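All of these numbers come straight from a predicted model, not from anything done at the bench.
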Amino acid sequence: FLPIIFFTGGALMTLYNGDWFFPRFMFYPFVFEFAFGCVVFNTQTWVSSRLSYFLLASGILYMVAFSRHTGYLAPFSTDPWMRVLLWGLPSALIVAGLVGLERNHKYVLPRILVWIGGISYSLYLSHQLTIAIFEKIGQRIGLHNFAVILLIGPILCVFNAWLCWKLIEKPLTDRAKKWVKKLSWVQAH
């Protein structure tokens, strides 16, 4: 029901003119990307090999065609709806296709991608800060070569995400798991 709530709420928010901030925050367009992830997770067992190939190809073609048509090449578009349409929806199709291929034993993801998936929450939370810092440093040292930025930026984002995962996320997750296990043991006895 969560994706249905988000899609309905998002549609209603285009008509909302009230002063209360919560509905605007809760149904902000970026939240649709979360809803897409929920849909992919909850439908992954229904995806056949044939449908997986279709979803993967559709996502890639959609992203290429839409970005060429609109001129929005950067995921940092100022229009949040454009970001959802250009990056969120096709990314969900691509992920659904890849998950389907892996579940149906048609494709095994490279270990590096599985590892990045393991640190993806830290990557999600830290990449904006990493990019901002990298841009400031790059401006100061005169680094304006787009190819160098595209090469170094993702490497720095992944490295910083790994540090955040190793030093913050993993220790907190491990502690939370121990706490939940201990709490459930206490409640059982």
Lys106 NZ to Arg50 CZ distance, which is reported to the nearest 0.5 Å: 10.5 Å
Would you say Gln44's side chain and Phe41's backbone share a donor-acceptor pair under 3.5 angstrom? yes
Under the side chain to side chain contact (heavy atoms under 4.5 Å, CB included) rule, what do Phe54 and Ser58 come out as? Steps first, then yes or no, please. CA-CA 6 Å; Phe54 175 77; Ser58 296; 3.5 Å; yes
Kindly work out whether a path of hydrophobic side-chain contacts (I/L/V/M/F/W/Y, heavy atoms less than 4.5 Å apart) joins Phe159 to Ile116. yes
Say whether Val95 and Trp46 are linked into one hydrophobic cluster, either directly or through other cluster members, by side-chain heavy-atom distances under 4.5 angstrom. no
Do the side chains of Met63 and Ile94 get nearer than 4.5 Å, heavy atoms only? yes
Begin with the C-alpha distance, continue with both residues' side-chain angles, and end with the deciding distance and a verdict on side chain to side chain contact (heavy atoms under 4.5 Å, CB included) for Val47 and Val99. CA-CA 9 Å; Val47 179; Val99 167; over 6 Å; no
d(Ser122 OG, Lys170 NZ) to nearest 0.5 Å is 11.5 Å
Can you hop from Ile60 to Leu101 via hydrophobic side chains spaced under 4.5 Å? yes
Answer yes when Lys178 and Asp174 have at least one side-chain N-carboxylate O distance shorter than 4.0 Å, and no when they do not. no
Does Ser184 use its side chain to pair, donor to acceptor, with the backbone of Lys181 at less than 3.5 Å? yes
Hydrophobic cluster membership, Leu129 vs Ile137, 4.5 Å side-chain cutoff: yes
Are the side chain of Asn104 and the backbone N or O of Gly100 linked by a donor-acceptor pair below 3.5 Å? yes
Contact check, side chains of Phe36 and Val84, non-hydrogen atoms, under 4.5 Å: yes
Side-chain (Tyr124) to main-chain (Ile119) donor-acceptor, under 3.5 angstrom: no
Tell me, with the steps shown, if Cys157 and Leu123 meet side chain to side chain contact (heavy atoms under 4.5 Å, CB included). CA-CA 7 Å; Cys157 286; Leu123 181 61; 4.0 Å; yes
If Ile, Leu, Val, Met, Phe, Trp and Tyr residues are connected whenever their side-chain heavy atoms lie under 4.5 Å apart, and connections chain through other members, are Trp165 and Val114 in the same group? yes
Shortest non-hydrogen contact from Cys164 toward Ser126: SG-CB, 4.0 Å
Donor-acceptor pair, Ser48 side chain versus Leu51 backbone, under 3.5 Å? yes
Please give me the minimum heavy-atom distance between Ile168 and Pro171, naming the atom from each residue. O-CD, 3.4 Å
Does any part of the side chain of Leu113, heavy atoms only, come nearer than 4.5 Å to the side chain of Pro110, both counted from C-beta? yes
When you compare the side chain of Phe134 with that of Ile155, does any pair of heavy atoms fall below 4.5 Å? no
Rounded to the nearest 0.5 Å, what's the gap from OG1 on Thr130 to CG on Leu125? Could you check? 10.5 Å
What closest approach, in Å, do Glu33 and Gly88 show between heavy atoms, and which atom pair accounts for it? CG-CA, 3.9 Å
Pair Trp162, Trp115 - check side chain to side chain contact (heavy atoms under 4.5 Å, CB included), show working. CA-CA 10 Å; Trp162 173 76; Trp115 176 78; 3.3 Å; yes
